[in-house]
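Keep in mind that this is a model prediction, so the values were computed, not measured. Numbered from 1 within each chain, the chains take letters A, B, ... in sequence-line order.
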Amino acid sequence: MPPRRPLAQGFYARDTVAVARDLLGCTLWTQTPGGVCAGRIVETEAYLDHRDPASHAARGRTPRSAIMFGPPGVAYVYLIYGMHHCLNAVTECDGQAGAVLIRALEPLIGLDLMVQRRKTGPERSLCAGPGRLGRALGIDLDWNGQPLTASSRKSANNFTPGRVWIAAGPAPARVVTGPRVGIRRAASEPHRFCDPDSACLSKPPHFGRL
DNA sequence: GAACCGATTGCCT
DNA sequence: GGCAATCGGTTCG
C-alpha cells in the first residue's frame, strides 16, 4: 500500500522543471463516489511561463491560463481536442506561472474502476497518456482548481465531484529526459521526464539520461 | 460572433 | 502510417 498523505504546498512552490522531475515515483490518488484510484507517476512534462512558447501561459494571463499564475499545489485541468481531460499540477510561487503535466501512471489501486471508465482491459496502456489517465481516474473540467494539498474548508464547501492529491514516493532508479510530446515550439527543450524502466509510458524514451 | 487550432486517442488501411 | 472525432480557448474582424 503506497503512502496516502498529500505532498505539502512547499513541494510545488519550486522550479517547475525540478517539480516535474521529482514527481516521478510519487503516487497520484483520486477519490470519487465510484471509489478510490491510485497510480505511480512515471512520466511528466514541465510547462513554464512566457519564456516557454509551448506553455498555455506563453501569451500571459488569459481566462484559461490564469490558474497557472496562482498559488501552487492546485490542479489545472483542461480539455484537449474536444474530448480528453489533461491533469496538471500548478507550480512556482503565487504570481509566477508554471505547471507540470502528468502524462502516464502505473496503475496501483482501483484497477476495476479504471477499466470500467476506460472501457478497455487492464493492459499497460490503461493510464499511458494524459488523456487516458484522465479518463481512467474520472477527471473532468470540474476538477480544475482543486487543491492537491491537504483539503481546506473552502474547497470542502465548493467541490463535490471528487478529490485528487499526490503522495510522496521513492524516486525511480533511472530518470530520462527529452523533448515534450506533441510540441512543435521549443522542441529542443528537454522538459519531458520519465522512468525508462516503466512499461506504462505513453511513448518510449530515447533521449539523455539524467 | 466566426474561424482556427490543439500538451490526444482509437480505429482504419 | 493516416485520419476523424469534437469543443473550449484564443484571435481576428
Side-chain angles (χ1 to χ4, degrees), chain A residues 12 15-21 23-24 28 39 41-70 72 74-92 97-107 114-146 148 161 164 166 176-195 198-207:
Chain A
Y12 301 97
D15 174 72
T16 304
V17 170
V19 175
R21 181 194 62 222
L23 278 174
L24 296 178
L28 174 63
I41 297 172
V42 294
E43 182 177 340
T44 63
E45 284 177 359
Y47 287 89
L48 314 183
D49 58 11
H50 58 88
R51 296 165 302 175
D52 178 4
S55 171
H56 288 168
R59 294 183 208 93
R61 193 186 292 248
T62 65
R64 177 175 64 163
S65 70
I67 194 164
M68 290 181 66
F69 292 80
V74 308
Y76 167 37
V77 179
Y78 65 86
L79 184 63
I80 190 67
Y81 296 112
M83 61 186 81
H84 303 298
H85 297 284
C86 297
L87 173 68
N88 301 248
V90 174
T91 59
E92 307 279 357
V100 174
L101 172 67
I102 313 297
R103 287 194 56 89
L105 304 175
E106 286 177 9
M114 293 185 192
V115 166
Q116 181 184 327
R117 287 174 174 142
R118 284 268 287 121
K119 303 181 179 8
T120 181
E123 49 235 11
R124 289 199 299 256
S125 64
L126 190 59
C127 296
R132 288 169 176 161
L133 79 85
R135 168 66 69 91
L137 297 185
I139 292 165
D140 62 43
L141 284 182
D142 289 338
W143 296 55
N144 192 38
Q146 174 71 3
L148 299 171
V164 54
I166 299 173
V176 160
T177 179
R180 294 172 291 192
V181 177
I183 294 293
R184 314 166 71 126
R185 309 175 205 213
S188 63
E189 297 297 327
H191 286 343
R192 177 190 184 211
F193 297 88
C194 61
D195 172 0
S198 174
C200 300
L201 300 178
S202 69
K203 283 181 164 50
H206 40 275
F207 300 102

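- Distance CZ (A:R124) to P (B:dT9): 16 Å, rounded to an integer number of Å.
- Rounded to the nearest 0.5 angstrom, A:S188 OG and A:R180 CZ are separated by 9.0 Å.
- When each of A:R185 and A:G129 is assigned the nucleotide of DNA chain B with its nearest heavy atom, A:R185 is the one assigned upstream, toward the 5' end.
- Of the candidate nucleotides C:dT11, B:dA7, C:dA5, B:dA7 has the atom nearest to the side chain of A:I80.
- If you check B:dG10 for Watson-Crick or wobble pairing at under 3.5 angstrom, you find it paired to C:dC3.
- Rounded to a whole Å, the CZ atom of A:R59 is 13 Å from the C1' atom of B:dA7.
- OP1 or OP2 of C:dT10 lies within a sub-4.0 Å distance of a side-chain N or O belonging to A:T62.
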For side chain to side chain contact (heavy atoms under 4.5 Å, CB included), just list the numbers for A:V181 and A:R103, CA-CA rounded to whole Å, side-chain angles, deciding distance to a tenth of an Å, and then say yes or no. CA-CA 9 Å; A:V181 177; A:R103 287 194 56 89; 3.5 Å; yes
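- Residue contacts for A:R135: at a heavy-atom cut-off of 4.0 Å it reaches no nucleic acid atom on any strand shown.
- The nearest whole Å value for the distance from the CE atom in A:M83 to the C1' atom in B:dA7 is 15 Å.
- One atom, CG of A:L79, and another, C1' of C:dC7, lie 6 Å apart when rounded to the nearest Å.
- C:dA5 atom C1' lies 14 Å from atom NE2 of A:H85, rounded to whole Å.
- Counting to the nearest Å, the P atom of B:dA7 and the OH atom of A:Y78 are 7 Å from each other.
- If you take CE of A:M68 and P of B:dA7, they are 12 Å apart, rounded to a whole angstrom.
- When distances are taken from the side chain of A:H84 to each of B:dT8, B:dG10, B:dA7, the shortest belongs to B:dT8.
- Where stacking is scored as ring centres under 5.5 Å apart with planes under 30°, A:Y81 does not register as stacked on the base of C:dA5.
- Of the candidates B:dT9, B:dA7, B:dT8, B:dT9 carries the atom nearest the A:R118 side chain, counting heavy atoms from C-beta on.
- To the nearest 0.5 Å, the span separating CG on A:L79 from CG on A:D140 amounts to 10.0 Å.
- Within 6.0 Å of the CZ atom in A:R117, the count of heavy atoms belonging to other residues, nucleotides or ligands exceeds 12.
- Nearer to the 5' terminus of DNA chain B, by closest-nucleotide assignment, is the contact made by A:R184 (compared with the other of A:R132 and A:R184).
- For A:P130, the listed nucleotide lying nearest its side chain is B:dT9; candidates were C:dC7, C:dT10, B:dT9.
- As judged by a 4.0 angstrom heavy-atom cut-off over every strand, A:R64 is placed among residues touching the sugar-phosphate backbone only.
- Listed here is the closest heavy atom pair of A:R185 and A:A54: O-CB, 3.8 Å.
- Whole-Å rounding puts the A:L48 CG to B:dA7 C1' distance at 13 Å.
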